[in-house]
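Report on one structure; see the data block that follows.
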Amino acid sequence: MTECCDHENHPDHSTELKRLNRVGGQVDGVKKMIEDGRYCPDIMIQIKAIRSALKSVEANILERHLASCVTDAIKSGTKKQQDKKIEEIKELFKKFED
């Protein structure tokens, strides 16, 4: 696990737990649809909804990361911390390309 920022300024992502719990319920629903032999496009629509919900959670976490951890690094005036955060963001975008 990489260090984000100092722990007192670490963003709180707990608001995403409700959304993630909902996604878990949606995944369970898709499993049930498959077990019940539901129509393929109906299953695919539900999977797309799950993907959209996860992308929303991902975007919210990224936004908080930029607003707190990255902003803290920029404000620190420490070139090493700034460069580290820039590299981190570049790597994230590489990993999350669709």
Side-chain angles (χ1 to χ4, degrees):
M1 181 171 125
T2 44
E3 193 63 31
C4 174
C5 46
D6 63 45
H7 291 290
E8 63 189 46
N9 292 329
H10 185 73
D12 179 14
H13 301 297
S14 63
T15 57
E16 300 307 321
L17 293 176
K18 185 195 277 187
R19 286 186 171 142
L20 290 170
N21 287 332
R22 192 175 321 125
V23 168
Q26 288 175 298
V27 170
D28 289 342
V30 168
K31 289 178 187 177
K32 177 96 170 89
M33 291 174 80
I34 291 170
E35 290 168 354
D36 293 345
R38 296 279 299 272
Y39 189 52
C40 302
D42 292 342
I43 295 169
M44 293 170 62
I45 289 168
Q46 289 305 310
I47 291 170
K48 179 66 175 164
I50 292 166
R51 290 174 59 202
S52 283
L54 285 174
K55 281 185 177 190
S56 176
V57 169
E58 177 185 13
N60 290 341
I61 291 173
L62 175 60
E63 186 176 321
R64 281 189 208 97
H65 179 63
L66 292 171
S68 61
C69 303
V70 175
T71 299
D72 288 349
I74 291 168
K75 287 179 180 177
S76 75
T78 305
K79 177 105 171 90
K80 182 179 177 182
Q81 282 186 343
Q82 294 167 353
D83 290 346
K84 181 180 172 186
K85 291 301 172 194
I86 290 169
E87 280 304 311
E88 181 181 81
I89 295 299
K90 287 170 31 179
E91 287 301 313
L92 278 172
F93 281 113
K94 284 180 192 174
K95 288 179 183 176
F96 294 113
E97 290 176 348
D98 283 339

Side chain to side chain contact (heavy atoms under 4.5 Å, CB included) evaluation trace for S56 with N60: CA-CA 6 Å; S56 176; N60 290 341; 4.0 Å; yes
Worked verdict on I89 versus H65 for side chain to side chain contact (heavy atoms under 4.5 Å, CB included): CA-CA 10 Å; I89 295 299; H65 179 63; 3.9 Å; yes
Sequence-distant partners of I74, side chain to side chain contact (heavy atoms under 4.5 Å, CB included), two or more places apart: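 I74 satisfies side chain to side chain contact (heavy atoms under 4.5 Å, CB included) with V70 once adjacent residues are dropped.
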Residues which pass side chain to side chain contact (heavy atoms under 4.5 Å, CB included) with L20, listed by chain and number, not counting sequence neighbours: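 Here the qualifying residues are L54, V57.
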Residues, nucleotides or ligands: over 12 heavy atoms within 6.0 Å of E58 CD: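 Enclosed: over 12 neighbouring heavy atoms sit under 6.0 Å from CD of E58.
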Residue list, side-chain hydrogen bond (donor to acceptor under 3.5 Å, both in side chains) with K48, at least two apart or on another chain: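 For K48 there are no side-chain hydrogen bond (donor to acceptor under 3.5 Å, both in side chains) partners, ignoring immediate neighbours.
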Residues in side-chain hydrogen bond (donor to acceptor under 3.5 Å, both in side chains) contact with T71, at least two apart in sequence or another chain: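 If we apply the side-chain hydrogen bond (donor to acceptor under 3.5 Å, both in side chains) test to T71, skipping adjacent residues, there are no hits.
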T15 versus R64, closest heavy-atom pair with distance: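 That closest heavy-atom pairing would be OG1-NH2, 3.0 Å.
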Over all atoms of both residues, closest heavy-atom pair of K85 and C69: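 Smallest interatomic distance, heavy atoms only, reads CE-O, 4.2 Å.
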For [X], enumerate each residue passing the salt bridge (charged side-chain N to carboxylate O under 4.0 Å, His left out) test, keeping only those at least two apart in sequence or located in another chain.
X	value
K94	E91
D83	K79
R38	none
E35	none

Pairing of K90 and E87 as salt bridge, 4.0 angstrom limit: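 A salt bridge links K90 with E87.
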Donor-acceptor contact below 3.5 Å, side chain S76 vs main chain A73: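 Answer holds: yes.
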Which pairs of donor and acceptor atoms, one on a side chain in residues 21-32, lie under 3.5 Å apart (sequence neighbours left out)?
| residue | atom | partner | partner atom | Å |
| --- | --- | --- | --- | --- |
| N21 | ND2 | L17 | O | 3.3 |
| K32 | NZ | D36 | OD1 | 3.2 |
| K32 | NZ | D36 | OD2 | 3.1 |

Same apolar cluster: I34 and I47, side chain cutoff 4.5 Å: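 Same hydrophobic cluster.
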Transitive ILVMFWY side-chain link L66 to F93, under 4.5 Å: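 They do share one cluster, since a chain of ILVMFWY contacts under 4.5 Å joins L66 to F93.
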